[in-house]
Asker: 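Dumping the structure here so I can ask a few things about it.
Model, not experiment: these values are computed from the prediction. For this chain, numbers begin at 1 and follow the sequence in order.
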Amino acid sequence: MAVLRLKLSPTQRAYVEATERHVWLVGSKGEGKTYSSIAALFAHVGRQDPANVPISVGIIRDTHENFQAHTVTSIKRDFPGLFTFKNDFHVMLGPNIVAQTYGVNDLDAVNKLQGAQHDCVWIEEPAPILETGNAGIREEVYAFADAVLRGGKCTKRLQISMNPANKLHWTYKKAIVAPATNTKVLFMRP
């Protein structure tokens with residue numbers, strides 16, 4: 001397989017190379033959060049023993065429709081031909097990555113994660129973005145996502161890419177006020 005040569009800012013590189021269990025990337029729309037998150041998945045694969053790949057990834061967004069409309073569009077633009085999507089975009093396959101996508105805009109949808117076991121979970125845009133129709137993700141989903149990082153021999157990673165949240169949203173508390181141990185929070189600068 002060819003080596004990917006990606007252009008990354010120092011902040012993006014720190015996010016991609018972070019080995020903490022919880023890694024947050026906060027920045028405004030269009031700053032490369034999705035691009036960095038895909039690069040981080042490849043870096044995570046590269047840190048594993050080759051006998052333990054492909055890795056299993058869970059990708060969580062508020063709705064499956066927003067995943068298709070926004071995340072898939074960015075992935076296809078930035079990584080053309082590298083990923084294939086199956087089962088109405090519920091499965092994403094790439095080099096040494098098998099990803100299950102989840103739309104979890106309410107607590108009932110969290111049940112979709114029951115029984116899941118992933119080496120890495122990526123939560124995209126957990127804070128609401130009203131102008132794009134993103135309802136955000138509940139705090140319980142974050143806790144559940146951390147819980148499905150079990151089993152297997154790979155290092156576990158929960159990565160969160162998001163627009164800045166207001167101080168009342170749970171992500172502000174988790175990322176700024178009282179981050180969990182083994183957490184790194186990075187901020188993109190325009």
Asker: Whether the side chain of D119 engages the backbone of I55 through a donor-acceptor N/O pair (distance < 3.5 Å, no angle test) should be reported.
Answerer: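 Checking the backbone N and O of I55 against the side chain of D119, no donor-acceptor pair under 3.5 Å is found.
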
Asker: Indicate yes or no for a side-chain donor-acceptor contact from Q48 to the backbone of V45 under 3.5 Å, with no hydrogens or angles considered.
Answerer: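 Flag not set: sc Q48 to bb V45 has no pair under 3.5 Å.
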
Asker: Donor-acceptor pair, distance only, cut-off 3.5 Å: does the side chain of R77 make one with the backbone of V72?
Answerer: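 It does not hold such a pair.
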
Asker: Heavy-atom distance under 4.5 Å between the side chains of Y15 and S161, does that happen here?
Answerer: yes

Asker: Between H169 and T171 (side chain of the first, backbone of the second, donor and acceptor by atom type, cut-off under 3.5 Å), is there such a pair?
Answerer: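 Checked: pair present.
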
Asker: Looking at D49 and K153, is any side-chain nitrogen of the basic one under 4.0 Å from a carboxylate oxygen of the acidic one?
Answerer: no

Asker: Where is the tightest heavy-atom contact between A116 and V148, given as atom of each residue plus distance?
Answerer: O-CB, 3.5 Å

Asker: Answer whether the closest heavy-atom distance between the side chains of L41 and Q159 falls below 4.5 Å.
Answerer: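 Side chain of L41 against side chain of Q159, heavy atoms only: contact under 4.5 Å found.
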
Asker: Taking side chain as C-beta onward, heavy atoms only, is V26 less than 4.5 Å from I160?
Answerer: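 No, too far: nothing below the 4.5 Å cut-off.
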
Asker: Taking only residues two or more places apart in sequence or in another chain, which ones pass salt bridge (charged side-chain N to carboxylate O under 4.0 Å, His left out) with E20?
Answerer: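 Once residues adjacent in sequence are excluded, E20 has no partner under the salt bridge (charged side-chain N to carboxylate O under 4.0 Å, His left out) criterion.
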
Asker: With no hydrogens and no angle check, is any side-chain donor or acceptor of R21 less than 3.5 Å from a backbone partner on T181?
Answerer: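 No; judged by distance alone, with no hydrogens or angles, the pair does not exist.
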
Asker: Hey, what do you get for OG (S9) to CD (E31), rounding to the nearest 0.5 Å?
Answerer: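 Rounded to the nearest 0.5 Å, the OG-CD separation comes to 9.0 Å.
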
Asker: Distance-only, no hydrogens or angles: does the N163 side chain make a donor-acceptor pair with backbone N or O of K29 under 3.5 Å?
Answerer: yes

Asker: According to a 4.5 Å side-chain heavy-atom criterion applied to Ile, Leu, Val, Met, Phe, Trp and Tyr, with indirect links allowed, do L93 and I60 form part of one hydrophobic cluster?
Answerer: no

Asker: Using 0.5 Å steps for rounding, measure from the CD1 atom of I123 to the OG atom of S37.
Answerer: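 Going from CD1 on I123 over to OG on S37, the span is 11.0 Å.
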
Asker: Nearest heavy-atom pair of D78 and P80: which atoms, and what distance?
Answerer: C-CD, 3.4 Å

Asker: Would you say that E124 contacts I137 through its side chain, given a criterion of any heavy-atom pair below 4.5 Å between the two side chains?
Answerer: no

Asker: Just by distance, no angles: are the side chains of H22 and N182 close enough, under 3.5 Å, to form a donor-acceptor pair?
Answerer: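 No - no donor-acceptor pair under 3.5 Å links their side chains.
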
Asker: Give the intermediate values and the outcome of side chain to side chain contact (heavy atoms under 4.5 Å, CB included) for residues V185 and T183.
Answerer: CA-CA 7 Å; V185 181; T183 296; 4.0 Å; yes

Asker: At what distance, to the nearest 0.5 angstrom, does NZ of K174 lie from OH of Y142?
Answerer: 6.0 Å

Asker: I'd like to know whether F144 forms a side chain to side chain contact (heavy atoms under 4.5 Å, CB included) with D146, so could you lay out the CA-CA distance, the side-chain angles of the two residues, the decisive distance to 0.1 Å, and finally the verdict.
Answerer: CA-CA 5 Å; F144 214 99; D146 195 31; over 6 Å; no

Asker: F42 ring centre to R47 NZ or CZ under 6.0 Å, with the angle to the axis within 45°?
Answerer: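 Checked: cation-pi criterion not met.
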
Asker: Distance from D62 atom CG to H70 atom NE2, nearest 0.5 Å?
Answerer: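 One finds 8.0 Å between CG of D62 and NE2 of H70.
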
Asker: To the closest 0.5 Å, what do you measure between CD (Q68) and CG (N66)?
Answerer: 10.0 Å

Asker: Any sub-3.5 Å donor-acceptor pair from W122's side-chain atoms to A40's backbone N or O?
Answerer: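 Not a single qualifying donor-acceptor pair exists.
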
Asker: Quick one: are Y35 and L8 in side-chain contact, heavy atoms under 4.5 Å?
Answerer: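 Touching, per the 4.5 Å side-chain cut-off.
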
Asker: Give me the ring orientation class for Y102 and H118: parallel if the planes are under 30° apart, tilted from 30 to 60°, perpendicular past 60°.
Answerer: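 Rings of Y102 and H118: perpendicular, as their planes differ by over 60°.
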
Asker: Would you say H44 and T155 make side-chain contact, with heavy atoms under 4.5 Å?
Answerer: yes

Asker: Quick one: closest heavy-atom pair of S36 and G32, and the distance?
Answerer: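 Heavy atoms only, the tightest pair is OG-O, 2.7 Å.
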
Asker: On a heavy-atom basis, which atom in A39 and which in L6 lie closest, and how many Å separate them?
Answerer: CB-CD1, 3.4 Å

Asker: Do V177 and W170 belong together in a cluster built from hydrophobic side chains that touch within less than 4.5 Å?
Answerer: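 In one cluster with V177: W170, yes.
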
Asker: Which heavy atom in A18 sits nearest to a heavy atom in K184, and how many Å separate them?
Answerer: CB-CD, 3.8 Å

Asker: What about V91 and V121, same hydrophobic cluster or not, with Ile/Leu/Val/Met/Phe/Trp/Tyr joined at side-chain heavy-atom distances under 4.5 Å?
Answerer: no

Asker: So do the side chains of Y172 and P164 get within less than 4.5 Å of each other, counting heavy atoms only?
Answerer: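 Of all side-chain heavy-atom pairs linking P164 with Y172, none is under 4.5 Å.
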
Asker: Between the side chain of H64 and the main-chain N/O of V104, is any donor-acceptor distance below 3.5 Å?
Answerer: no

Asker: Would you confirm whether the ring centroid of H90 sits within less than 6.0 angstrom of the ring centroid of F67?
Answerer: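 Here the rings of H90 and F67 have centres that are no less than 6.0 Å from each other.
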
Asker: Rounded to the nearest 0.5 Å, what separates atom CG in L149 from atom SG in C120?
Answerer: 7.0 Å

Asker: Does K33 come within less than 4.0 Å of E125, counting only side-chain N to carboxylate O?
Answerer: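 Yes, charged N to carboxylate O under 4.0 Å.
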
Asker: Do M162 and L25 touch side chain to side chain, with heavy atoms closer than 4.5 Å?
Answerer: no

Asker: Any link between L82 and V98 through a network of hydrophobic side chains (Ile, Leu, Val, Met, Phe, Trp, Tyr) touching at under 4.5 Å?
Answerer: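 Different clusters.
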
Asker: Have R61 and T101 got a donor and an acceptor in their side chains that come within less than 3.5 Å?
Answerer: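 On atom types as modelled, these side chains do not qualify, holding no pair under 3.5 Å.
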
